[in-house]
Colleague: 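Quick one: the structure is below, questions incoming.
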Amino acid sequence: METKDILLQLRMEKGLSQDALAGLLYVTRQAVSRWENGDTIPNTETLKRLSKLYDVSINTLLGSPRDLVCQCCGMPLKDTDISKEPDGGYNEEYCKWCYADGDFTLDVWKQYLTLGGKQQFEAFKQQIMDEFNTLLHIEGLPKVEHLNVLPGSFINLEYRLPNGRSVPFLDDKATYLGNQLECVFGGDRCFGIAAGLDFLLVCTYGENGSDPELVLYKKR
C-alpha cells in the first residue's frame, strides 16, 4: 500500500475525522487531506506523532520501504517486535527484547558494548556458532548459521530429570544467544539451542515447546 492509503486506513480504523486528526497533530485539515490524496507526506516530526497515535512504526506509515532488522540480534522486525523509547515512540533500530524504555536490556548486549561494539559482538556470535558446529557432534543437529538474542522467559523450558522432577536450566530474567532448528532427518520435533557466556545448551521439543528433552548442557 502507498503512504496515502495507509494514512487513510489508519485514520478510519481509529474513528477520526480529518478535522479531529488535524487537531491532535496541530496541523490543518487541508494538510491531512493532502497526505491522503498523495500530494504530500507528513514531515518527520508529524510522522513520529502519527506513529505514536496509531501504534505503528514510521516504516509502516511509509509503506514499509525498508526491511527492518534489529541491530543487536539481527532479528527481522515487525511492528509488534520493535522497541520503544520512554515517550512511547518506536526505536526502529532494535527489537523490544534488546532495547526498551531508553536502555539496552540484554546482558549479552552490554557485554559486547564493553568488548568493542557491533563488530566484536558479531565475532563473539561466530565463535559460539563454531563451538556448536565443531565441538558437539549431535546426530541430526544441522549446521548453526544464525543466532538471535532471546529472553530467558521465552526459551526457559523445564526438563525432566532421572528422579522424575522437572527443572528449568536458564534464568527468565537473563538473555541468551539461541535459535530453533529443524532436525536434518525431518520429523515433528525441533532442536532448540541456547548459549550464554559460559555454557552451550541443546534440547529437542515438539510443537509449541511441548515435551522438551535436554540433549546436552556443556560448560564453555
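Heavy atoms only: backbone and side chains are in, while hydrogens, waters and symmetry mates are out.
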Colleague: For Lys84, is there an ion pair with Asp55 - N to carboxylate O distance below 4.0 angstrom?
Modeller: yes
Colleague: Please test Leu201 against Leu214 for side-chain contact (heavy atoms from CB on, under 4.5 Å), starting from the C-alpha separation and ending with a verdict.
Modeller: CA-CA 8 Å; Leu201 180 149; Leu214 182 66; 3.9 Å; yes
Colleague: Ignoring hydrogens, what is the shortest heavy-atom contact between Asp130 and Thr134? Give both atom names and the distance.
Modeller: O-OG1, 2.6 Å
Colleague: Can you tell me how far CG of Leu10 sits from CE of Met1, rounded to the nearest 0.5 angstrom?
Modeller: 8.0 Å
Colleague: Taking the side chain from Asn179 and the backbone from His146, do they hold a donor-acceptor pair closer than 3.5 Å?
Modeller: yes
Colleague: May I ask you to test the Leu50-Pro42 pair for a side-chain heavy-atom distance under 4.5 Å?
Modeller: yes
Colleague: Please report the interatomic distance SG(Cys190) to CG(Leu181), rounded to the nearest 0.5 Å.
Modeller: 8.5 Å
Colleague: Hey, is CG on Asn43 packed in by over 12 heavy atoms from elsewhere, all under 6.0 Å?
Modeller: yes
Colleague: Inspect the contact between Glu213 and Arg160 and indicate whether a charged nitrogen and a carboxylate oxygen are less than 4.0 angstrom apart.
Modeller: no
Colleague: Run the side-chain contact (heavy atoms from CB on, under 4.5 Å) check on Tyr176 and Asn156 step by step: do they pass?
Modeller: CA-CA 10 Å; Tyr176 304 94; Asn156 195 12; over 6 Å; no
Colleague: Strictly by modelled atom types, are Gln126 and Glu122 linked by a side-chain donor-acceptor pair under 3.5 Å?
Modeller: no
Colleague: Leu135 and Val184: same hydrophobic cluster, using ILVMFWY side-chain contacts below 4.5 Å?
Modeller: no
Colleague: Can you sort out the partners of Asn208 under side chain to side chain contact (heavy atoms under 4.5 Å, CB included), two or more places apart, ordered by chain and number?
Modeller: none
Colleague: How long is the straight-line distance from NZ of Lys52 back to CD1 of Ile58, given to the nearest 0.5 Å?
Modeller: 11.0 Å
Colleague: Once rounded to the nearest 0.5 Å, what's the spacing between atom OG of Ser83 and atom CG of Leu77?
Modeller: 8.0 Å
Colleague: If you look at every heavy atom in Cys70 and Cys95, which pair is closest and at what distance?
Modeller: SG-N, 3.3 Å
Colleague: To the nearest 0.5 Å, what is the distance between CG on Leu61 and CH2 on Trp35?
Modeller: 10.5 Å
Colleague: Quick check: do Ile41 and Thr46 have side-chain heavy atoms less than 4.5 Å from each other?
Modeller: no
Colleague: Counting only heavy atoms from other residues, nucleotides and ligands, does the tally under 6.0 Å from CG of Asp87 exceed 12?
Modeller: yes
Colleague: Does Phe185 belong to the same Ile/Leu/Val/Met/Phe/Trp/Tyr cluster as Leu141, with side-chain heavy atoms less than 4.5 Å apart forming each link?
Modeller: no
Colleague: If the plane angle is over 60° it's perpendicular, under 30° parallel, otherwise tilted; pick one for Tyr159 and Phe169.
Modeller: perpendicular
Colleague: Treating Lys96 as the side-chain partner and Thr80 as the backbone partner, does any N or O pair qualify as donor plus acceptor under 3.5 Å?
Modeller: yes
Colleague: To check you understand the geometry: which heavy-atom pair defines the closest contact between Ser57 and Ile82, and what is its length?
Modeller: CB-CD1, 3.7 Å
Colleague: Please assess Leu136 against Val202 for the test side-chain contact (heavy atoms from CB on, under 4.5 Å), listing each intermediate value before the final yes or no.
Modeller: CA-CA 9 Å; Leu136 303 187; Val202 180; 3.8 Å; yes
Colleague: What pairs with Arg66 under salt bridge (charged side-chain N to carboxylate O under 4.0 Å, His left out), at least two apart in sequence or on another chain?
Modeller: Glu92
Colleague: By side chain to side chain contact (heavy atoms under 4.5 Å, CB included), which residues pair with Pro65, not counting sequence neighbours?
Modeller: Asn59, Leu62
Colleague: Examine the side chains of Gln18 and Glu36 and answer whether a donor and an acceptor come within less than 3.5 Å of each other.
Modeller: yes
Colleague: Over all heavy atoms of both residues, which pair between Ala20 and Ser17 is shortest? Give the atoms and the distance, please.
Modeller: N-OG, 3.0 Å
Colleague: I'd like to know if Leu25 and Leu7 are part of one continuous hydrophobic network [Ile/Leu/Val/Met/Phe/Trp/Tyr, side-chain heavy atoms within less than 4.5 Å].
Modeller: yes
Colleague: Leu21 and Arg29: side-chain contact (heavy atoms from CB on, under 4.5 Å), yes or no, with the steps?
Modeller: CA-CA 8 Å; Leu21 178 61; Arg29 184 198 62 79; over 6 Å; no
Colleague: Is there a chain of hydrophobic side chains (I, L, V, M, F, W, Y, each step under 4.5 Å between heavy atoms) that links Leu47 to Leu68?
Modeller: no
Colleague: Between Thr3 and Gly63, which heavy-atom pair has the shortest distance, and what is it?
Modeller: OG1-N, 4.2 Å
Colleague: Would you say the side chains of Gln180 and Tyr205 form a donor-acceptor pair under 3.5 Å?
Modeller: yes
Colleague: Between CG of Leu53 and CG of Leu24, what distance do you get to the nearest 0.5 Å?
Modeller: 6.0 Å
Colleague: Ignoring hydrogens, what is the shortest heavy-atom contact between Asn133 and Pro142? Give both atom names and the distance.
Modeller: OD1-O, 4.4 Å
Colleague: Taking C-beta and beyond as the side chain, do Arg11 and Tyr54 meet within less than 4.5 Å on heavy atoms?
Modeller: yes
Colleague: Within a reach of under 6.0 Å around CD of Glu207, are more than 12 heavy atoms found that belong to other residues, nucleotides or ligands?
Modeller: no
Colleague: Check this for me: does any side-chain nitrogen of one of Lys4 and Asp39 sit under 4.0 Å from a carboxylate oxygen of the other?
Modeller: no
Colleague: Does atom CZ (Phe199) have a neighbourhood of more than 12 heavy atoms from anything else shown, all under 6.0 Å?
Modeller: yes
Colleague: May I ask you to check whether over 12 heavy atoms, not counting those of Glu158, lie within 6.0 Å of atom CD?
Modeller: yes
Colleague: Between Leu170 and Val167, is there shared hydrophobic-cluster membership here, with clusters defined by ILVMFWY side-chain heavy atoms closer than 4.5 Å?
Modeller: yes
Colleague: Heavy atoms, side chains only, cut-off 4.5 Å: are Phe191 and Cys183 in contact?
Modeller: yes
Colleague: Taking the side chain as every heavy atom from C-beta outward, state whether Leu177 and Leu150 have any atom pair closer than 4.5 Å.
Modeller: no
Colleague: Decide side-chain hydrogen bond (donor to acceptor under 3.5 Å, both in side chains) for Tyr99 and Glu85; before the verdict, give the C-alpha distance in whole Å, the side-chain angles of both, and the deciding distance to 0.1 Å.
Modeller: CA-CA 9 Å; Tyr99 184 89; Glu85 298 288 358; 3.0 Å; yes
